[in-house]
**Q** 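Following this message is one structure expressed as structure tokens.
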Amino acid sequence: SSPGKWRVGYTENEFVVLLSGKVVLTADGGAAETFTAGDAFIIPAGFAGTWETVEPVRKLYAIYQAPSA
């Protein structure tokens, strides 16, 4: 991902491992969280806010979308 800032809204859960770069996730009405190379984190379904790529990012990720009831 190239540097930039995007509005995001997750309907799925995403597990992320940053291989390189730096991102800042900010939940609507919440504090900003910064992640750098080597960090692993989960973005839960229902997360709404912004994803900012501060430095070019490479990541490994897995997505899980719960089946509809």
Side-chain angles (χ1 to χ4, degrees):
S1 164
S2 299
K5 188 174 187 177
W6 301 269
R7 177 114 187 98
V8 293
Y10 282 75
T11 58
E12 69 281 358
N13 297 287
E14 182 175 343
F15 171 72
V16 178
V17 177
L18 286 186
L19 302 176
S20 63
K22 180 178 179 179
V23 300
V24 178
L25 290 179
T26 306
D28 288 346
E33 294 188 65
T34 300
F35 301 96
T36 58
D39 288 341
F41 55 96
I42 294 172
I43 304 169
F47 176 88
T50 59
W51 171 293
E52 180 179 7
T53 299
V54 179
E55 298 171 1
V57 164
R58 287 183 44 223
K59 69 178 185 176
L60 291 175
Y61 65 97
I63 293 173
Y64 173 73
Q65 178 78 48
S68 299

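No experiment lies behind these values; they were computed from the predicted model shown.
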**Q** Check ring-ring contact (aromatic ring centres under 6.0 Å, His included) between Phe35 and all other residues, then give those that pass, not counting sequence neighbours.
**A**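 With sequence neighbours excluded, Phe35 shows a ring-ring contact (aromatic ring centres under 6.0 Å, His included) to Phe41, given in chain and number order.
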**Q** Would you call Asn13 and Ile63 a side-chain contact if the rule is heavy atoms closer than 4.5 Å?
**A**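 Sidechains of Ile63 and Asn13: no contact.
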**Q** If Ile, Leu, Val, Met, Phe, Trp and Tyr residues are connected whenever their side-chain heavy atoms lie under 4.5 Å apart, and connections chain through other members, are Val17 and Leu25 in the same group?
**A**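 No, no single cluster joins them.
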**Q** If you group Ile, Leu, Val, Met, Phe, Trp and Tyr by side-chain heavy-atom gaps below 4.5 Å, do Val16 and Val8 land in one group?
**A**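 Val16 and Val8: one cluster.
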**Q** Table please: side-chain donor-acceptor pairs of residues 53-61 below 3.5 Å, with sequence neighbours left out.
**A**
unit_1, atom_1, unit_2, atom_2, d
Thr53, OG1, Ser1, OG, 3.0
Thr53, OG1, Trp51, NE1, 2.9
Lys59, NZ, Glu14, OE2, 2.8

**Q** Can you tell me how far the NZ atom of Lys22 sits from the OG1 atom of Thr36, to the nearest 0.5 Å?
**A**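 Between atom NZ of Lys22 and atom OG1 of Thr36 there are 8.0 Å.
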**Q** Please report the closest heavy-atom contact between Tyr64 and Pro67, naming both atoms and the distance.
**A**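 Answer, listing the atom of Tyr64 first, then Pro67: OH-CD, 3.5 Å.
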**Q** Rounded to the nearest 0.5 Å, how far apart are OG1 of Thr26 and CZ of Phe47?
**A**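 Atom-to-atom, Thr26:OG1 and Phe47:CZ are 7.0 Å apart.
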**Q** Holding to ring-ring contact (aromatic ring centres under 6.0 Å, His included), I want the full list of residues that pass it with Phe15, two or more places apart in sequence or in another chain.
**A**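 For Phe15 there are no ring-ring contact (aromatic ring centres under 6.0 Å, His included) partners, ignoring immediate neighbours.
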**Q** Taking side chain to side chain contact (heavy atoms under 4.5 Å, CB included) as the test, write out the residues that go with Ala48, two or more places apart.
**A**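 Expected list: Arg7, Asp28.
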**Q** Is there a donor-acceptor contact under 3.5 Å linking the side chains of Gln65 and Thr11?
**A**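 Side chains of Gln65 and Thr11: pair found under 3.5 Å.
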**Q** Enumerate the salt bridge (charged side-chain N to carboxylate O under 4.0 Å, His left out) contacts for residues 40-50, please, sequence neighbours excluded, ordered by first and then second residue.
**A**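 Non-adjacent pairs meeting salt bridge (charged side-chain N to carboxylate O under 4.0 Å, His left out): zero.
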**Q** Applying salt bridge (charged side-chain N to carboxylate O under 4.0 Å, His left out) as the test, list every pair that has at least one member in residues 30-51; sequence neighbours left out.
**A**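 Qualifying pairs, neighbours excluded: none.
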